[in-house]
Amino acid sequence: MNRSTTAAFALAGVLGGSIALLAQDTPPKLSNDQINKGAVLLQYKDYSKEDPMPLVHEYEGLRVSDVLDALQAIGIQDITLMDKSIRPLWKDTTEKATHRIYGVAVTYQYLPTNRANPGPMNYEEFKKWHSHWYQTYAPEVFGSVLRPGTIVVIDSHESNMVGFCGSNNTLAWKNKGAAGVVTNGNCRDTDELILEKVPVYAKYLGGGTRPGRIEAGAVNLPVTVGGVLVRPGDFILADGDGVVVVPREKVEEVAKIAWDIAKGDKATRRKLYDQGGLKVDSTLK
């Protein structure tokens, strides 16, 4: 399913409340009524009732490179690595590497609006219109399901006009427990975001507000970000090398292999540290 098809089905579900999710691993058999109402054809399991923190603890300390090599070992290299244009807004150069994030995806999708611009208005009218748009057409309804071990993944249809996350809403998501944000759109208020140390991985910087530009399309349905399919509950690891998505069905197998790879790397580098007279740091522990 391409992104536009996913968007159409997702929007039908958000607006009409009648979206159908097909059973796992079954051929699509839809009635005309189901087709007319909209259905998600991509099959995946609902993991929303599971605590994501055990997975976070299982992956903590791994690097994107370790996970990429593990994905190659099971035959799904490259297809889960986001485009290199999606980069960290900031990097912590200390041993803590606090820009590195681990968590399961909570997905959200915005779409370009087709509503006519209301035209010139006075400032008081503008504030009412602006607020109404945020509350009605482009709300952040995913906030209620954020918790420790989640990562906000925003498909912005790659718009570079709108700042989808900024110093205010992104910090609020972090306060709810989200580890960070990944988006193929903009982040704005970047100076403040860096000071606040909210990990954000984005394609663009800057941008305006949502009213008159975009609308919310879908929440917690499959999206495409950086050329990669991201389903709700898929596991995400992001660091200075970029963003990788681990399909939830493969998360245990990948973690086991990735730790074996990481341990081998640590052992080799420790010898090189010794030879070079370098002080042992946290990356070798």
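Checked by atom type and distance alone, the side chain of Thr107 pairs as donor or acceptor with a backbone atom of Leu221 at under 3.5 Å. Judged by distance alone, the side chain of Thr80 and the main-chain N or O of Val245 form a donor-acceptor pair under 3.5 Å. Not a single donor-acceptor pair under 3.5 Å links the side chain of Lys174 to the backbone N or O of Ala179. A donor-acceptor contact shorter than 3.5 Å is absent between the side chain of Trp129 and the backbone of Gly212. Judged by distance alone, with hydrogens and angles left aside, the side-chain atoms of Asn36 form a donor-acceptor pair with the main-chain N or O of Asn32 at under 3.5 Å. Distance alone, capped at 3.5 Å, is enough to place a donor-acceptor pair between the Thr170 side chain and the Gly166 backbone. Remark: side-chain polar atoms of Asp239 are paired, donor with acceptor, to backbone N or O of Val64 under 3.5 angstrom. Checking side-chain atoms of Thr113 against main-chain N and O of Ile214 turns up no donor-acceptor pair under 3.5 Å. Within the 3.5 Å criterion, the main-chain N or O of Asp241 finds a donor-acceptor partner in the side chain of Arg87. With hydrogens and angles disregarded, a donor-acceptor distance shorter than 3.5 Å links the side chain of Arg248 to the backbone of Gly233.
Side chains of Thr283 and Arg63: no donor on one and acceptor on the other come within 3.5 Å. When only modelled atom types and interatomic distance are considered, Ser282 and Glu95 share a side-chain donor-acceptor pair under 3.5 Å. Defined by atom type and a distance below 3.5 Å, a donor-acceptor pair is present between the side-chain atoms of Ser85 and Asp83. Using a 3.5 Å distance cut-off with no hydrogens or angles, the side chains of Asn160 and Asn186 do not pair a donor with an acceptor.
Surrounding CE of Met53 are more than 12 heavy atoms belonging to other residues, nucleotides or ligands, all under 6.0 Å away. The number of heavy-atom neighbours closer than 6.0 Å to NZ of Lys263, taken from other residues, nucleotides and ligands shown, is 12 or below. The number of heavy atoms from other shown groups lying within 6.0 Å of NZ (Lys197) is above 12. Within 6.0 Å of the CG atom in Asp51, the count of heavy atoms belonging to other residues, nucleotides or ligands exceeds 12.
A salt bridge links Lys37 with Asp33; the closest basic N to acidic carboxylate O contact falls under 4.0 Å. Electrostatic pairing of Asp274 and Lys271 does not count as a salt bridge here, judged by no charged N lying under 4.0 Å from a carboxylate O. Between Glu124 and Lys127 there is a salt bridge, since a side-chain N of the basic residue sits under 4.0 Å from a carboxylate O of the acidic one.
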Take Val230 and Thr224 through the test side-chain contact (heavy atoms from CB on, under 4.5 Å) and record every step on the way to the result. CA-CA 6 Å; Val230 184; Thr224 304; over 6 Å; no
For a salt bridge (Lys or Arg N to Asp or Glu O under 4.0 Å) check, start with the C-alpha distance between Lys256 and Asp260, then their side-chain angles and the critical distance, and finish with the verdict. CA-CA 7 Å; Lys256 182 178 180 180; Asp260 183 69; over 6 Å; no
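Using a 4.5 Å cut-off between side-chain heavy atoms of Ile, Leu, Val, Met, Phe, Trp and Tyr, with links allowed through other members, Val181 and Leu195 fall into different hydrophobic clusters. Cluster annotation: Tyr108 is connected to Val200 through the hydrophobic network of ILVMFWY side chains, with a link wherever side-chain heavy atoms come within less than 4.5 Å. If you chain together hydrophobic residues whose side chains sit under 4.5 Å apart, Leu272 and Leu278 never meet in one group. When hydrophobic clusters are built by joining Ile, Leu, Val, Met, Phe, Trp and Tyr residues whose side-chain heavy atoms come closer than 4.5 Å, directly or via intermediates, Ile261 is not grouped with Leu284. Leu55 and Ile151 fall into different hydrophobic clusters, where Ile, Leu, Val, Met, Phe, Trp and Tyr are joined by side-chain heavy atoms under 4.5 Å apart, directly or via other members.
For residues 183-221, there are no ring pair (Phe, Tyr, Trp, His ring centres under 6.0 Å) pairs, not counting sequence neighbours. Applying the side chain to side chain donor-acceptor pair (under 3.5 Å) test to pairs two or more places apart or on separate chains, those with a residue in residues 136-152 are His132-Thr136, Glu140-Asn169, Glu140-Trp173, Glu140-Arg210. Sorted by first and then second residue, the side chain to side chain donor-acceptor pair (under 3.5 Å) pairs with a member in residues 96-106 read Asp92-Thr98; sequence neighbours excluded. Evaluation of the ring pair (Phe, Tyr, Trp, His ring centres under 6.0 Å) test over residues 45-88, restricted to residues two or more places apart or in two chains, returns Tyr59-Phe235.
The two residues Gly149 and Pro52 make their nearest non-hydrogen contact at O-CB, 3.4 Å. For Ala105 against Asn220, the heavy-atom pair with the smallest separation is O-OD1, 4.2 Å.
Between His130 and Phe126, the angle of the ring planes lies from 30° to 60°, which puts this pair in the tilted group.
Here the CZ atom belonging to Phe142 is positioned 10.0 Å from the NZ atom belonging to Lys176, to the nearest 0.5 angstrom.
Looking at residues two or more places apart in sequence or on another chain, you find no ring pair (Phe, Tyr, Trp, His ring centres under 6.0 Å) involving Tyr273. Under the rule for a salt bridge (charged side-chain N to carboxylate O under 4.0 Å, His left out), Asp189 has no partner lying at least two apart in sequence or in another chain.
Under the side chain to side chain contact (heavy atoms under 4.5 Å, CB included) test applied with Gln109, the options Ile154, Val219, Val223 reduce to a single match, Val223.
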